[in-house]
Number of protein chains: 2
Amino acid sequence: MNAGNRDSAVFKSLGHPARLAILDALRGGEQCVCHLENVLGMRQAYLSQQLAVLKEAGLVRDRREGWNIYYFVSRPEIWVAVETVRSMPGMQIKTLLRRNTRHTHCPCPKCKPGAEQA
Amino acid sequence: MNAGNRDSAVFKSLGHPARLAILDALRGGEQCVCHLENVLGMRQAYLSQQLAVLKEAGLVRDRREGWNIYYFVSRPEIWVAVETVRSMPGMQIKTLLRRNTRHTHCPCPKCKPGAEQA
DNA sequence: ACATTATATTCAATAAATTGAATATAATAA
DNA sequence: TTATTATATTCAATTTATTGAATATAATGT
């Protein structure tokens, strides 16, 4: 693949609302799939597919820890591109402030029943 | 359309090698379609279609002057996003230096037969 | 070994993007 | 008005993306 195609592959991976939402959910740090499932209200298989696209584009990587697989943004520079587009006139800036939580163990209800979400 | 969809529509429009190439060709300033036809080696109808996508995404606008329609980048901030992706490790930086030509009248061979290209 | 849990993959149906070919439009010139 | 030039649109065929459903895999616990 030449440079132009690799670049457009990255943009293509950003060209989907679900994948942008997933990236946003990873903004504060790595998250396991089950956490994303809860926070984003997407089904597991669907998340896994979208995460595979982001991974293929080189934007995220994953790390296994016991049962869970934690995904994280591997190119933090991507936020520059995302925020640039979001801050363009005519695009309403809607970067919900997210808690800068880092999880070694996922605290979402599904991972730890009874615990409240991060 | 909500904000997330508008953002992803912009990224989607960048997610195609031909459209990225077109944007690059507009980097130095507005160009008529026939110029792009020559410089990029794309057929007219094809260019027109891709330009429509970029226009729909809000990245370019056009201006008629006599026979020609000149397209220009209406959101220069987009270069921040483009360069950010291009400069990511693993993506070879290949921002061909382009002459910073501005054309009031297109100098390409097709527009002015016999004249050399900008 | 077997059951459970978290995640991934495969498959299929549908929707959307890509792209060439043909045709239409709009400005200009004769 | 007619012809020409630059650009746009429409149509159709093909490819690719989307997404749900079912199933597979891999780590853990008993």
Side-chain angles (χ1 to χ4, degrees), chain A residues 1 4-5 8-22 26 30-57 60-72 103 105-113, chain B residues 1 4-5 8-22 26 30-57 60-72 103 105-113:
Chain A
M1 202 196 288
N5 284 338
S8 58
V10 170
F11 285 121
K12 193 180 295 189
S13 79
L14 295 174
H16 191 293
R19 291 193 292 265
L20 272 184
I22 292 171
L26 297 178
E30 63 178 14
Q31 301 286 358
C32 66
V33 179
C34 69
H35 182 84
L36 297 172
E37 213 176 329
N38 270 266
V39 169
L40 298 172
M42 298 173 184
R43 289 174 318 105
Q44 178 269 318
Y46 184 73
L47 269 169
S48 197
Q49 289 169 146
Q50 301 304 329
L51 284 165
V53 173
L54 291 170
K55 190 172 161 185
E56 174 72 15
V60 304
R61 279 214 293 279
D62 62 315
R63 168 181 83 77
R64 176 181 282 275
E65 187 179 303
W67 277 342
N68 301 310
I69 294 189
Y70 289 84
Y71 278 85
F72 58 96
H103 306 285
H105 298 92
C106 175
C108 74
K110 193 174 175 184
C111 295
K112 281 192 179 174
Chain B
M1 200 196 287
N5 284 337
S8 58
V10 170
F11 285 122
K12 194 181 293 189
S13 79
L14 296 173
H16 191 291
R19 290 193 293 265
L20 272 184
I22 291 170
L26 297 178
E30 63 180 14
Q31 301 286 357
C32 66
V33 178
C34 69
H35 182 84
L36 297 173
E37 213 177 329
N38 270 267
V39 169
L40 297 172
M42 298 173 186
R43 288 174 319 105
Q44 178 271 317
Y46 184 73
L47 269 168
S48 197
Q49 289 169 149
Q50 301 303 328
L51 284 165
V53 173
L54 290 169
K55 189 172 162 185
E56 173 72 17
V60 304
R61 278 212 293 279
D62 61 315
R63 170 181 82 79
R64 176 181 282 275
E65 186 179 304
W67 278 342
N68 301 311
I69 295 190
Y70 289 83
Y71 279 85
F72 58 96
H103 307 284
H105 299 91
C106 177
C108 72
K110 192 173 178 184
C111 296
K112 283 191 178 175

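In the text below, chain A, chain B and the rest are named by the order of the sequence lines, each starting its count at 1.
Closest to the side chain of B/Arg19, from the set C/dT18, C/dT7, D/dA27, is C/dT18. Among C/dA8, C/dT5, D/dT7, the nucleotide with an atom closest to any side-chain atom of A/Trp67 is C/dT5. Among the nucleotides D/dA22, C/dA27, D/dT7, the one closest to any side-chain atom of B/Ser48 is D/dT7.
If you take CZ of A/Arg63 and P of C/dA6, they are 16 Å apart, rounded to a whole angstrom. If you measure from atom CD of A/Glu37 to atom P of D/dG20, you get 13 Å, rounded to the nearest angstrom. Put simply, NZ on B/Lys12 is 16 Å from P on D/dT16, counting in whole angstrom units. Atom-to-atom, CD of A/Gln49 to P of C/dT10 comes out at 11 Å; the value is rounded to the nearest Å. Regarding B/Glu65, its CD atom lies at a distance of 14 Å from the P atom of D/dA6, rounded to whole Å. Rounding to whole angstrom units, CE of residue B/Met42 and P of D/dA8 are separated by 15 Å. Distance CG (B/Leu54) to P (C/dT18): 11 Å, rounded to an integer number of Å. Protein atom CG of B/Leu14 is 12 Å distant from nucleotide atom P of C/dT18, rounded to whole Å.
Side-chain N/O atoms of A/Arg43 include one lying less than 4.0 angstrom from OP1 or OP2 on D/dG20. One finds a side-chain N or O of B/Asn68 lying less than 4.0 angstrom from the OP1 or OP2 phosphate oxygen of D/dT7. Taking 4.0 angstrom as the limit, A/His35 places none of its side-chain polar atoms (N or O) nearer than this to OP1 or OP2 of C/dA6. The phosphate of C/dA22 has neither OP1 nor OP2 within less than 4.0 Å of any side-chain N or O from B/Tyr46. At C/dT18, one or more side-chain N or O atoms of B/His16 fall inside 4.0 Å of OP1 or OP2 (strictly under the cut-off).
In this model, no side-chain donor or acceptor of A/Gln44 finds a partner on the base of C/dA6 within 3.5 Å.
Map A/Leu47 and B/Gln50 each onto its nearest nucleotide of DNA chain C; the residue landing nearer the 5' end is A/Leu47. Between A/Val53 and B/Ile69, the residue anchored nearer the 5' end of DNA chain D, judged by the nucleotide with its closest heavy atom, is B/Ile69.
Ring pair A/Phe11/B/Phe11 is parallel by interplanar angle, where below 30° counts as parallel and above 60° as perpendicular.
Taking 4.5 Å as the limit, every side-chain heavy atom of B/Leu14 sits out of range of all side-chain heavy atoms of A/Val10. Counting heavy atoms from C-beta on, the side chains of B/Leu51 and B/Asp62 never come closer than 4.5 Å. Contact of the A/Gln31 side chain with the A/Tyr71 side chain is not registered, since no non-hydrogen atoms from C-beta on lie closer than 4.5 Å.
Residue contacts shown for B/Ala45 include a base, since a base heavy atom lies under 4.0 Å away.
Closest non-hydrogen pair, B/Ala9 versus B/Ala57, comes out as O-CB, 4.2 Å.
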